[in-house]
Protein chains: 2
Amino acid sequence: MKIISWEHLIDRDPQGTNGLYTETPEYSAVHADVIQAIGNTVWPPDSDRFTIYPESGKKRGMGNGVTPIKLGFTTTLVELGWTLEKRAPRATNEEAKSLRGSRPGAFDCHFEFPNERISPFVVEWETGNIASSHRAVNRIGLGIHKGYVSGGLLIVPSNKLAPYLTDRIGNPRELRPYHDIWKQWTSTEVAYFGIIAVEHDDESFDVPKVPKGTDGRAAR
Amino acid sequence: MKIISWEHLIDRDPQGTNGLYTETPEYSAVHADVIQAIGNTVWPPDSDRFTIYPESGKKRGMGNGVTPIKLGFTTTLVELGWTLEKRAPRATNEEAKSLRGSRPGAFDCHFEFPNERISPFVVEWETGNIASSHRAVNRIGLGIHKGYVSGGLLIVPSNKLAPYLTDRIGNPRELRPYHDIWKQWTSTEVAYFGIIAVEHDDESFDVPKVPKGTDGRAAR
DNA sequence: TATGGATCCATA
DNA sequence: TATGGATCCATA
């Protein structure tokens, strides 16, 4: 796949050049890993590029599913030393009580910096419903607020790719009006939040469709 | 239905007693309307209370659907002068361009104060997926940030009611860890955000289940 | 076309 | 039991 856009909504670190997180060695490492992993996201599985079957996913049973898409991405990150599905730390006893035992779930991908100067970096590859992207952003924001995350990235299919996938998938256009509130998170010294849009390299009716599962209302 | 909890996450108005939004006449009016409307939320439709068929909604075809539930609530608010499904104002030309034409959708319920001292108040009755609740909260936050809303309420089924409804419905417990970031919205002088949990008055196997899906729309 | 929603699935 | 996700629906 290729990267269509990469926006920084929050970019702050007193130790970076000009106080920017994106001007730190830690970010450089993350940045390189993510670029490599997106490049390794291919379809069909044995290809060296991502070719999409260009059928609209708007209607039932049509277009492409999403689960298999991210496989190349996550596999690459694991090879580069990232961990998958890392949950937020358990709350203290005090806190657990006030939260009534609830805590946010796992981050898709999680990287602990070897030097431990700053907290880990997380990436959410979001091919769920657009509403789920809102939760993912809130989850990153909470992690930054609490300090167990220093930065996070949300990856969504581009406005050109999304229509070929399951209806109502997250997409950059629909998230844009909300950028203003997410830019407001201001509670920590060190923080990064970015949104990446990724896109297929090619379109062809000669590749198989990405199969759909039987989740949600498909299951009848 | 009855109100199990009503939490104020943001409560600010320089003109209210102690600077609180909840200590203004505008809030008193909204508060009274919402209480009345929740009281008028009943099942079955001709009842004077809300009695739920206490079957778990976890599995397919079991438990209760959600669409018909809010009918008494919204009908009451309309009678009290509220409007339904009010969208955010169209962006200016400049802004629309940067947003690429995207704007957030409608608020469930919307009330314009007769005196127009402060911007309208909105209520989201959320019986969608929990992820959808995150979007609803973000939408209220955006409205407050932009100034076209002065306050908002999210209504979700209580932790006791939710298990009888469609799986993964919004619920107070699962939203709790995120309160900390929502409390951070600090860009405006006047702002209110609250979360209400509502619950059935009674349980009985003698009432019909709230229908799911297409049946639900037929039932009203 | 665009946006909120409703429903059920997979997995720890 | 708990949480992230995937899929399709209704309607303006």
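Proteins come first, then strands; the chains are lettered A, B, ... in the order of their sequence lines, and each starts at number 1. Values below: all heavy atoms of this structure, side chains included; hydrogens, waters and symmetry mates excluded.
- With hydrogens and angles ignored, a donor-acceptor pair under 3.5 angstrom links the side chain of Arg168(A) to the base of dG4(C).
- Inter-residue side-chain proximity for Leu9(B) and Trp185(B) is flagged as unmet; no heavy-atom pair is nearer than 4.5 Å.
- When the P atom of dG5(C) is taken as reference, atom CD1 of Ile130(B) falls 13 Å away, rounded to whole Å.
- Neither OP1 nor OP2 of dG5(C) sits under 4.0 Å from any side-chain N or O of Thr127(B).
- Taking the side chain of Pro104(A) as heavy atoms from C-beta on, and the options dG4(C), dC9(D), dG4(D), the nearest nucleotide is dG4(D).
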**Asked** Going through the checks in order, is the side chain to side chain donor-acceptor pair (under 3.5 Å) test met by Asp180(B) and His145(A)?
**Response** CA-CA 8 Å; Asp180(B) 283 348; His145(A) 177 71; 4.6 Å; no
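- Both Glu126(A) and Lys212(A) sit near DNA chain D, but only Glu126(A) has its closest nucleotide nearer the 5' end.
- A tilted orientation is assigned to the rings of Phe121(B) and Tyr21(B), their planes being inclined by 30° to 60°.
- Glu199(A) is not listed as a side-chain neighbour of Phe50(A), based on a closest heavy-atom distance of 4.5 Å or more.
- A donor-acceptor contact under 3.5 Å is formed by the side chain of Asn129(A) with the base of dG5(C).
- Atom pair Asn171(B):CG and dT1(D):P shows a separation of 13 Å (rounding to whole Å applied).
- Distance CG (Asn138(A)) to P (dT3(D)): 15 Å, rounded to an integer number of Å.
- At the heavy-atom level, Ser132(A) lies under 4.0 Å from the strands shown only through sugar-phosphate atoms.
- Contact check for Tyr192(B) versus Val30(B): no side-chain heavy atoms found under the 4.5 Å cut-off.
- Regarding Met62(B), its CE atom lies at a distance of 14 Å from the C1' atom of dC8(C), rounded to whole Å.
- Phe73(B) is listed as a side-chain neighbour of Ile155(B), based on a closest heavy-atom distance under 4.5 Å.
- Heavy atoms of Gly57(A) sit nowhere under 4.0 angstrom from any nucleic acid atom.
- Between the CG atom of Asp108(A) and the C1' atom of dA12(C) there is a distance of 15 Å, given to the nearest Å.
- The distance from atom CG of Leu175(A) to atom P of dA2(C) is 14 Å, rounded to the nearest whole Å.
- In this structure, NE2 of His134(B) is placed 10 Å from C1' of dT3(D), rounded to the nearest angstrom.
- Within the 4.0 Å cut-off from OP1 or OP2 of dA2(C), not a single side-chain nitrogen or oxygen of Lys58(A) is found.
- In this structure, Trp125(A) atom CH2 and dA6(D) atom C1' are separated by 16 Å, rounded to whole Å.
- Ranked by how close their nearest DNA chain C nucleotide is to the 5' end, Asp167(B) and Gly128(B) are led by Gly128(B).
- The side chain of Arg135(B) lies closest to dG4(C) when the candidates are dC8(C), dG4(C), dC9(D).
- Consecutive pairing runs in DNA chain D reach the stem threshold at C:1-12 with D:1-12, where a stem means at least three Watson-Crick or G-U wobble pairs with distances under 3.5 Å.
- Taking 4.5 Å as the limit, some side-chain heavy atom of Asn159(A) sits within range of a side-chain heavy atom of Asn171(A).
- In this structure, Ile195(B) and His179(B) have side chains that are in contact, with non-hydrogen atoms separated by less than 4.5 Å.
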